[in-house]
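Count residues from 1 along the sequence. What's counted below: heavy atoms across the whole structure, side chains too, no hydrogens, waters or symmetry copies. These numbers come from a predicted model, not from an experiment.
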Amino acid sequence: MDINILRNMTPVSACNFLAKYPERGGIIDVRQFGMRFYSINDVQVFGKGTSLLCAKDSSDGSAWMLKESVNEDNFYIQQGLLQSIAAAVAEKPDLIVLDEVVALNSIHTPLNFWHWIFESISKLLVLETYGYSGPYIVPDDCTFINGIFDILSIPQDRIIRNSGAYHVKKLIVPQRYQCSQLVTNKKLTKLIRCKLLEGIKILDGAKHCYIKRIGERRRVENEDEVLRLLSFYDFEVMVPEDYSVGEQLSFMTNVSCSIMPHGANCALALLQPEKSTFIEIFNHAYIAMLNMHIVLALNLRYHMLSSDTPYSGGLCPTDYLQKGHSANITVNINLLRAILENLLGRPTLKKS
């Protein structure tokens with residue numbers, strides 16, 4: 001394909017594209033789950049991560065560029081994505097032809113566990129419920145993505161990696177679906193939970209669990225102090241990276257009380273028993289209520305624990321929040337102790 005054609009494309013939404021060229025596809029409304037899919041004919045798919053879709057109208061020669069999250073009102077072409085398209089075309093000038101496929105890599109952070117569970121698996125399960133049995137285009141090889149497909153009994157021969165360049169005769173593109181929509185769609189949240197539970201071992205008994213976050217962002221800086229307090233309540237410490245995705249999900253099935261910093265690991269709370277307890281820890285400069293769909297669907301006892309590090313000034317509010325998104329967390333031990341005593345009673349003092 002001529003890269004100059006790509007550079008001259010007009011960004012457009014799928015709704016507008018299909019309204020102007022109805023012969024190029026249609027809209028599929030799955031009313032039971034409040035989700036919309038776009039069926040677009042004769043599309044070329046390029047790029048890694050967040051891919052772009054390229055459609056060229058044959059009648060007047062005009063070309064269109066669609067982002068995969070096609071229900072957004074405004075679309076734009078980023079130079080970096082254009083470069084990835086050019087690289088894909090240069091690397092594989094002969095497009096791989098596919099008859100029908102669903103694009104599942106239509107999220108902003110495709111290799112994030114939380115986003116994958118709630119923004120991609122939700123779409124897959126809706127399609128599977130309604131009888132779709134074809135292939136999916138997914139992000140490049142990722143251990144937890146492979147693990148989730150195994151848990152859902154989706155065979156590997158239905159998985160196509162998006163590192164190539166494809167000519168798809170019929171591409172099904174899900175709308176962008178965010179947690180704010182899941183909050184009002186308890187049925188869909190429960191469907192995700194139910195299907196994941198079907199594919200893992202459900203543990204007996206009950207335990208308390210602290211989910212440890214590793215990496216450079218949102219680490220608990222006084223974690224040793226936190227763990228000393230939690231030891232009086234017999235909390236187990238779980239590092240998700242030490243387990244397969246199936247083992248992580250199974251581990252959570254008998255957790256009566258979980259504590260974890262805000263982040264991708266919070267998706268694991270979906271596997272806790274109903275009416276159990278979930279304590280989510282935040283940095284005071286970034287408190288995002290992104291897990292309320294889990295809380296409401298499972299009727300969890302939910303507590304938000306914010307650090308109380310004072311604002312030092314020198315930043316405008318927007319910069320302050322952006323900095324807070326990645327900032328580490330200092331847990332207020334007195335507040336955590338009060339919450340635990342309210343939920344679990346006074347701890348039993350252990351003899352030294």
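Side chain of E221 to main chain of I329: no donor-acceptor pair is present (N/O by atom type, distance under 3.5 Å, no hydrogens or angles). Side-chain atoms of R193 come within 3.5 Å of backbone N or O of L270 as a donor-acceptor pair. With hydrogens and angles disregarded, no donor-acceptor distance shorter than 3.5 Å links the side chain of R36 to the backbone of I27. N332 contributes a side-chain N or O that, together with a main-chain N or O of N334, makes up a donor-acceptor pair within less than 3.5 Å. A donor-acceptor pair is defined here as one N or O able to donate and one able to accept, closer than 3.5 Å; no such pair exists between the side chain of S250 and the backbone of G246. Within the 3.5 Å criterion, the main-chain N or O of A264 finds no donor-acceptor partner in the side chain of N112. When atom types are taken as modelled, the side chain of R213 and the backbone of R217 share a donor-acceptor pair closer than 3.5 angstrom. In terms of modelled atom types and a separation under 3.5 Å, the side chain of H208 and the main chain of Y233 share a donor-acceptor contact. When atom types are taken as modelled, the side chain of R24 and the backbone of D42 share a donor-acceptor pair closer than 3.5 angstrom.
Rounded to the nearest 0.5 angstrom, L249 CG and L196 CG are separated by 6.0 Å. Between S39 atom OG and E100 atom CD the span is 7.0 Å, to the nearest 0.5 Å. To the nearest 0.5 Å, the span separating CG on L18 from OH on Y21 amounts to 11.5 Å. The CG atom of N328 sits 4.5 Å away from the CZ atom of R219 when rounded to the nearest 0.5 Å. To the nearest 0.5 Å, atoms CG (L335) and CD1 (I281) are separated by 11.5 Å. Here the CZ atom belonging to R337 is positioned 10.5 Å from the CG atom belonging to L230, to the nearest 0.5 angstrom.
Nearest heavy-atom pair, S276 versus S256, reported as atom, atom and distance to 0.1 Å: CB-O, 3.4 Å. When every heavy atom of S258 is checked against every heavy atom of M260, the shortest pair comes out as OG-CE, 3.6 Å. Across all non-hydrogen atoms, the minimal contact from S122 to I192 is CB-CD1, 3.8 Å. Shortest non-hydrogen contact noted between P174 and A103 is CD-O, 3.0 Å. Nearest heavy-atom pair across P135 and V101 is O-CG2, 3.4 Å.
Classification of the F251-Y243 ring pair by plane angle, with boundaries at 30° and 60°, yields tilted.
None of V102, V138, V168, I137 except one satisfies the side chain to side chain contact (heavy atoms under 4.5 Å, CB included) rule with I160; the exception is I137.
Residues I211 and M252 have side chains in contact (heavy-atom distance under 4.5 Å, counting atoms from C-beta outward). Looking at E280 and C266, their side chains come closer than 4.5 Å, going by heavy atoms from C-beta outward. At a threshold of 4.5 Å between non-hydrogen side-chain atoms, the residues M289 and M304 count as touching. A 4.5 Å side-chain heavy-atom check between M238 and L268 finds at least one atom pair inside the cut-off. Within the 4.5 Å cutoff, side-chain heavy atoms of H303 are placed close to those of L343. Side-chain contact between K212 and E241 is absent, with no heavy atoms from C-beta onward closer than 4.5 Å. Residues L125 and L152 meet the side-chain proximity criterion, which asks for heavy atoms closer than 4.5 Å. No side-chain heavy atom of Y130 sits less than 4.5 Å from a side-chain heavy atom of F37.
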> For I287 and S306, what are the C-alpha separation, side-chain angles and deciding distance, and is it a side-chain contact (heavy atoms from CB on, under 4.5 Å)?
Replying inline: CA-CA 8 Å; I287 299 176; S306 167; 3.9 Å; yes
>> Run the side-chain contact (heavy atoms from CB on, under 4.5 Å) test on M35 and L188 for me, step by step, so that the C-alpha distance in whole Å, both residues' side-chain angles and the decisive distance to 0.1 Å come before the verdict.
In response: CA-CA 10 Å; M35 190 175 286; L188 183 54; 3.7 Å; yes
>> Please determine whether side-chain hydrogen bond (donor to acceptor under 3.5 Å, both in side chains) holds for the pair H284 and S307, giving the CA-CA distance in whole Å, both sets of side-chain angles, and the decisive distance to 0.1 Å.
In response: CA-CA 5 Å; H284 67 287; S307 66; 3.3 Å; yes
>> Would W116 and I121 count as a side-chain contact (heavy atoms from CB on, under 4.5 Å) here? Give the steps.
In response: CA-CA 6 Å; W116 180 254; I121 294 303; 3.6 Å; yes
> Could you go step by step and tell me if L271 and I200 meet the side-chain contact (heavy atoms from CB on, under 4.5 Å) rule?
Replying inline: CA-CA 10 Å; L271 281 299; I200 62 174; 3.9 Å; yes
> Which is it for W114 and N291 under the side-chain hydrogen bond (donor to acceptor under 3.5 Å, both in side chains) test, yes or no, and what are the steps along the way?
Replying inline: CA-CA 10 Å; W114 189 99; N291 295 297; 2.8 Å; yes
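In summary, the aromatic rings of F282 and H262 are positioned with their centroids under 6.0 Å apart. Close placement of the F278 and Y302 rings is indicated, their centers lying within 6.0 Å of each other.
Atom NZ of K207 has more than 12 heavy atoms from other residues, nucleotides or ligands within 6.0 Å.
Follow the hydrophobic side-chain contacts under 4.5 Å out from I333 and you reach V220 in the same cluster. Clustering ILVMFWY residues whenever any of their side-chain heavy atoms sit less than 4.5 angstrom apart, transitively, puts V226 in a cluster other than the one holding I214. A single hydrophobic cluster is seen to contain both L127 and I28, as judged by linkage of ILVMFWY side chains at heavy-atom distances under 4.5 Å, directly or through other members. By the criterion of side-chain heavy atoms lying less than 4.5 angstrom apart, applied directly or through intervening Ile, Leu, Val, Met, Phe, Trp or Tyr residues, V239 is not grouped with F144; the two fall into different hydrophobic clusters.
Its side chain outside the 4.5 Å cluster rule for every partner, L203 clusters with none of the Ile, Leu, Val, Met, Phe, Trp and Tyr residues.
Taking the salt bridge (charged side-chain N to carboxylate O under 4.0 Å, His left out) definition, one finds that K169 meets it with D99, sequence neighbours left out.
Between K123 and E128 there is no salt bridge, since no side-chain nitrogen of the basic residue lies less than 4.0 Å from a carboxylate oxygen of the acidic one.
Screening residues 194-204 for side chain to side chain donor-acceptor pair (under 3.5 Å) gives no qualifying pairs among residues at least two apart or on separate chains.
Using modelled atom types and a 3.5 Å distance limit, the side chains of Q272 and T253 yield no donor-acceptor pair.
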